[in-house]
A.B. asks: 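The structure that follows is given in the form of structure tokens.
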Amino acid sequence: MAAPSSHAPRFLAPSQVAELLSIEVGEVIELLHEGRLRGAQLGSPPRWRVEESSLAGYLAEESETSRRMALWRQSAAASFPEVWGTSSAHGN
């Protein structure tokens with residue numbers, strides 16, 4: 001017999017997730033359909049429930065995207081000598 005899990009997954013209603021993320025419920029449903037949040041339709045009638053542990057992965061993904069965009073904006077604002085240096089290998 002398998003050992004019982006010490007932590008069963010916790011599920012949240014889309015409205016709870018929307019409040020936590022400061023977005024609309026429809027956006028939460030979109031994230032579920034896109035696979036960016038994990039969830040399932042439970043109950044009768046079926047209603048979406050979001051696996052709480054998937055929020056950490058989603059937030060990490062969004063944080064990484066923001067970090068990369070900030071770096072991209074910084075590099076786009078930098079002049080070419082600041083980025084590439086002044087070596088003759090770059091045609092200077």
Side-chain angles (χ1 to χ4, degrees):
M1 179 162 64
S5 173
S6 62
H7 181 71
R10 181 174 171 207
F11 291 91
L12 302 171
S15 60
Q16 293 172 299
V17 175
E19 185 175 338
L20 288 170
L21 299 178
S22 298
I23 61 176
E24 298 295 322
V25 172
E27 292 175 272
V28 173
I29 301 301
E30 278 184 46
L31 291 170
L32 286 162
H33 285 288
E34 292 170 359
R36 296 178 67 198
L37 285 175
R38 287 188 315 271
Q41 290 187 321
L42 305 172
S44 182
R47 296 172 195 245
W48 278 106
R49 294 295 180 253
V50 180
E51 194 174 321
E52 184 180 42
S53 63
S54 73
L55 291 175
Y58 171 76
L59 291 173
E61 175 187 314
E62 288 297 299
S63 178
E64 178 63 13
T65 299
S66 294
R67 185 187 73 80
R68 289 179 182 204
M69 290 304 296
L71 288 173
W72 177 256
R73 284 190 296 276
Q74 287 175 0
S75 70
S79 68
F80 282 101
E82 291 171 324
V83 174
W84 301 110
T86 56
S87 112
S88 62
H90 296 291
N92 292 332

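Numbers for residues simply follow the sequence, beginning at 1.
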A.B. asks: Can you sort out the partners of Arg36 under side chain to side chain donor-acceptor pair (under 3.5 Å), two or more places apart, ordered by chain and number?
C.D. replies: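 Applying side chain to side chain donor-acceptor pair (under 3.5 Å) to Arg36 gives Glu61, Glu62.
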A.B. asks: For Gln41, check side chain to side chain donor-acceptor pair (under 3.5 Å) against everything at least two apart and list the hits.
C.D. replies: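 Residues passing side chain to side chain donor-acceptor pair (under 3.5 Å) with Gln41: none at all.
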A.B. asks: Give every donor-acceptor pair under 3.5 Å between a side-chain atom in residues 43-51 and any protein atom, sequence neighbours left out.
C.D. replies:
residue : atom : partner : partner atom : Å
Glu51   : OE2  : Arg38   : NH2          : 3.3
Glu51   : OE2  : Ser53   : OG           : 3.0

A.B. asks: Cut-off 3.5 Å, no hydrogens considered: what does the side-chain donor-acceptor table look like for residues 11-31, sequence neighbours left out?
C.D. replies:
residue : atom : partner : partner atom : Å
Gln16   : OE1  : Ala13   : N            : 2.7
Glu27   : OE1  : Glu24   : N            : 2.9

A.B. asks: In chain order, what residues pass the side chain to side chain donor-acceptor pair (under 3.5 Å) check against Glu52, with sequence neighbours excluded?
C.D. replies: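 With sequence neighbours excluded, Glu52 shows a side chain to side chain donor-acceptor pair (under 3.5 Å) to Arg10, given in chain and number order.
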